[in-house]
Amino acid sequence: MEDVKPQLVKVTIDGIEVEVEPGTTILQAARKIGPAVAPPAMCYYQPLKGSGGKCRACLVRVAAGSAKDPRPMPKLVASCLTAVQDGMVVENETNPQVIDARNGIVEFLLLNHPLDCPVCDQAGECDLQNFAFDHGKVTTRYEEDRRTFEKQDIGPYIQLHMTRCILCYRCVFTADQITNKRVHGVLGRGDASEIGTYIEKAIDNDFSGNVIDVCPVGALTDKTYRFKNRVWFTKPVDAHRDCPTCSGKVTLWYRGEDVIRVTARKNEWNEVEEFICNTCRFDKKKTSDWTIEGPTKVSRSSVISANKYRADTIKPSFGQRLAAAEYKPIHDERDTSQLDIQQLPPERFAKVLPSAMEPEP
Amino acid sequence: MAIKILTEHINVPGIESFDVYRKQGGYTAVEKAIKTMTPDAIVEEVKKAGVRGRGGAGFPMGMKWSFLAKPEGVPRYLVCNADESEPGTFKDHYLMKNIPHLLIEGMIISSFALGANKSFIYVRGELMYVIHILEKAIAEAKAKGFLGKNILGSGYDLELVVQPGGGAYICGEETALLESLEGKRGNPRNKPPFPAVKGLYQSPTVVNNVESIATTAWIVNNGGDAYAAVGIGRSTGTKLISASGHINKPGVYEIELGVPVEDFIYADEWCGGIRTGHKFKALVAGGSSVPILPANLALTLANGEKRLMSYESLSDGGFATGTMLGSGGFIVFDETSCIVRNTWNFSRFYHHESCGQCSPCREGTGWMEKVLHRIEYGHGHQQDIDLLVDVSKKIEGNTICPLGDAAAWPVASAIRHFRDEFQWHIDHPSEATQPGAVYKGEMALV
């Protein structure tokens, strides 16, 4: 029997064309193009079936539905759930209406968020922090009391800090899909809804720790790591062990010589590649428990890679560094990204940045 | 005498019992449908009738039926949405309480037309006594062979289940209703897939309002063309309007679509005018979620013509000068009502009823309520009005289900038409917070 390859469909996102398999969502198609075009996702989590559609951060405008029916869609659509059609034209960062909606979503998500980033374990690897950096405002228009909750211990390893929760439902899907019995869920309604384990029941199963990894904010934290460190001081290393319950493939987070945290490995979209068991996560915190594979690849733009030596990369030239430093190209009217910086003589920069003339250290 | 399609026999004593209903010509439509018509023929008649969904959205019912996927070996379901919870709307309650067999008859015909062997009536939990009435009616119909196995010897089986809701407004949204019916938390689903493809238990499902389903009996008896002849333009048939507020005769009225709003308010046949000695200030025409209109725009269109009670005429002018027929919750306000307080009250409802699933609605409804509360209680700031407009814009259209829109529209429209009144509350807090204080400035009173 011959393998029939599905006909690829062509989608244009922010003016960039990409070919994907039919049934792919707009978000996945955009991710295929790259991080600059990918819409933010606070609740969608590719490994979890049924996730997405709730945070509305990934809203995009469909300027043309398909080649057959090029009418635009009347409303902004959630890109994480909308399948692409051949000839679809999507506007993401290029549409002011989309940007406006996203600014609104950040504002809504931060209304009841404590903004306690200075003491939050998630800081530095927090989806909400990144999203707010891209689309948030410096001031707030909200002056009423924020919704607050007491911290709760759910089980011996996990602490629930409901005040920080953005109700993405990821942990609920995780418990549904990788454990055999879910004991926590969403209680209450509207802005009074909360994640809870009815009457503070403990979450107790071998894979409970994964809810920490999927949490986009600091609502579910690892009690063995709480307040131990800031993520940008730690050094992630890929390692594995022969584990009878899970794949045993993890990331170890070192501070000096000590393993201070173990997490599942995540891809560039912050999504867990393989879920790991609680023994690997909470009990194996010695280097001798593990076979080290090498440093984890961390995006250069991530705060985690700041000031770290990475053997697998060639040092970037000044031009590349400058280009990478343009973290908000879209909002800057004095956009220089059109210029090919490497083509320009370094003297161009000498007045502004004298260090540009100096050789690389 | 105006034509009555649903409420012709509603005042007959004992109509809630099978025998009296049968004597008035009840269940003849079931006999006609099952014995002489094919399911497709019934769908065709309903399409011809042009009935538009009476729950609020006004989507043509025949079209909805024809979208139903019919894969082999998969059951299909009909669900009747009787979770009527929109503030100002009480027509389904009236219909089910007084003439339950009309709904049962409609359910049998509709289920037969759609090929459903198990159908559900999802009634809001607060109406427990109505649930008992419906269950009694179902038992009677079953005893007479109109429900259950092999109906009227045709070989068609139908089981009808009445399910009480848990008291959540959001479960009136069709996909949240299906989730609730499946025993889950009543969160609306993301669409697509639509219920017509994947609905209850992932099977094709049609969800219709009580009033829509109840019309099918008359349509089968008299034909779709006869139904389409009633009404005006694409607003065919009659509509139950639940009139409340500052009128002389509040109640449920069945009107032929196309009656002028002015006649509906002032004629003795219907509302009987604004309560004596007062003036007409504002109108919410279709339940609390539709935009509010000031008196002059409620009675006339922007071009000076009379506004009619029909889907098209009420929405004439878009949201700038129009509103929607919605579910027919007709709330009339006289000059003693404070629009700010009323808007706050509506907003409070939507804040309380938001399911909390998607962020704009979860956070935005609460925010709007708090700002409105602030204005109403004399702590408003100058920038608050613009803030409300901005927040409502950021909710509208960006949510999973229409509850976000329903929360945003009353606020946005109240500010659009009554901005001065909001401003007065902010500028004169001590005056505005006196008990019974109402804005007396310039406005169109009729």
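Worth knowing before you read on, the calculation uses all heavy atoms, side chains too, and leaves out hydrogens, waters and symmetry mates. Because the structure is a prediction, the values reported are computed rather than measured. Quick note on labels: first sequence line is chain A, next is B, and so on, each numbered from 1.
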When the 4.5 angstrom heavy-atom criterion is applied to B/Thr399 and chain A, the contacting part is backbone
Most heavy-atom pairs under 4.5 Å with chain A, out of B/Asp390, B/Val391, B/Thr365, belong to B/Asp390
So, the part of B/His352 with a heavy atom under 4.5 Å from chain A: the answer is both
*For the pair A/Ser79 (side chain) and A/Ile26 (backbone), establish whether a donor and an acceptor sit closer than 3.5 Å, ignoring hydrogens and angles.*
no
Per-residue tally against chain B (heavy atom, under 4.5 Å) across A/Arg56, A/Glu107, A/Lys75 peaks at A/Arg56
Ranked by heavy-atom pairs below 4.5 Å to chain A, first place among B/Gln383, B/Lys393, B/Glu353 goes to B/Glu353
Greatest number of non-hydrogen atom pairs under 4.5 angstrom with chain A, of B/Gly364, B/Pro360, B/Cys361, falls to B/Pro360
Under 4.5 Å to a heavy atom of chain B? For A/Val186 that would be both
Value for SG (A/Cys168) from CD1 (A/Ile195), rounded to nearest 0.5 Å, stands at 7.0 Å
Here the gap from B/Thr175 atom OG1 to B/Arg189 atom CZ, rounded to the nearest 0.5 Å, amounts to 6.5 Å
**Message:** If the threshold is 4.0 Å, N to carboxylate O, is there a salt bridge linking A/Asp213 and A/Arg170?
**Reply:** no
Fill in: Test: B/Arg52 cationic atom under 6.0 Å from B/Tyr311 six-membered ring centre, within 45° of axis
yes
Given B/Lys394, B/Glu396, B/His381, B/His351, the one with more heavy-atom pairs under 4.5 angstrom with chain A than any other is B/Lys394
Turns out that what part of A/Leu167 lies under 4.5 Å from chain B's heavy atoms comes down to both
Problem - Donor-acceptor under 3.5 Å (A/Asn92 side chain, A/Asp14 main chain) - result: no
Q) Does the cation-pi check pass for A/Lys54 over A/Tyr169, that is, NZ or CZ under 6.0 Å from the six-membered ring centre and within 45° of its axis? A) yes
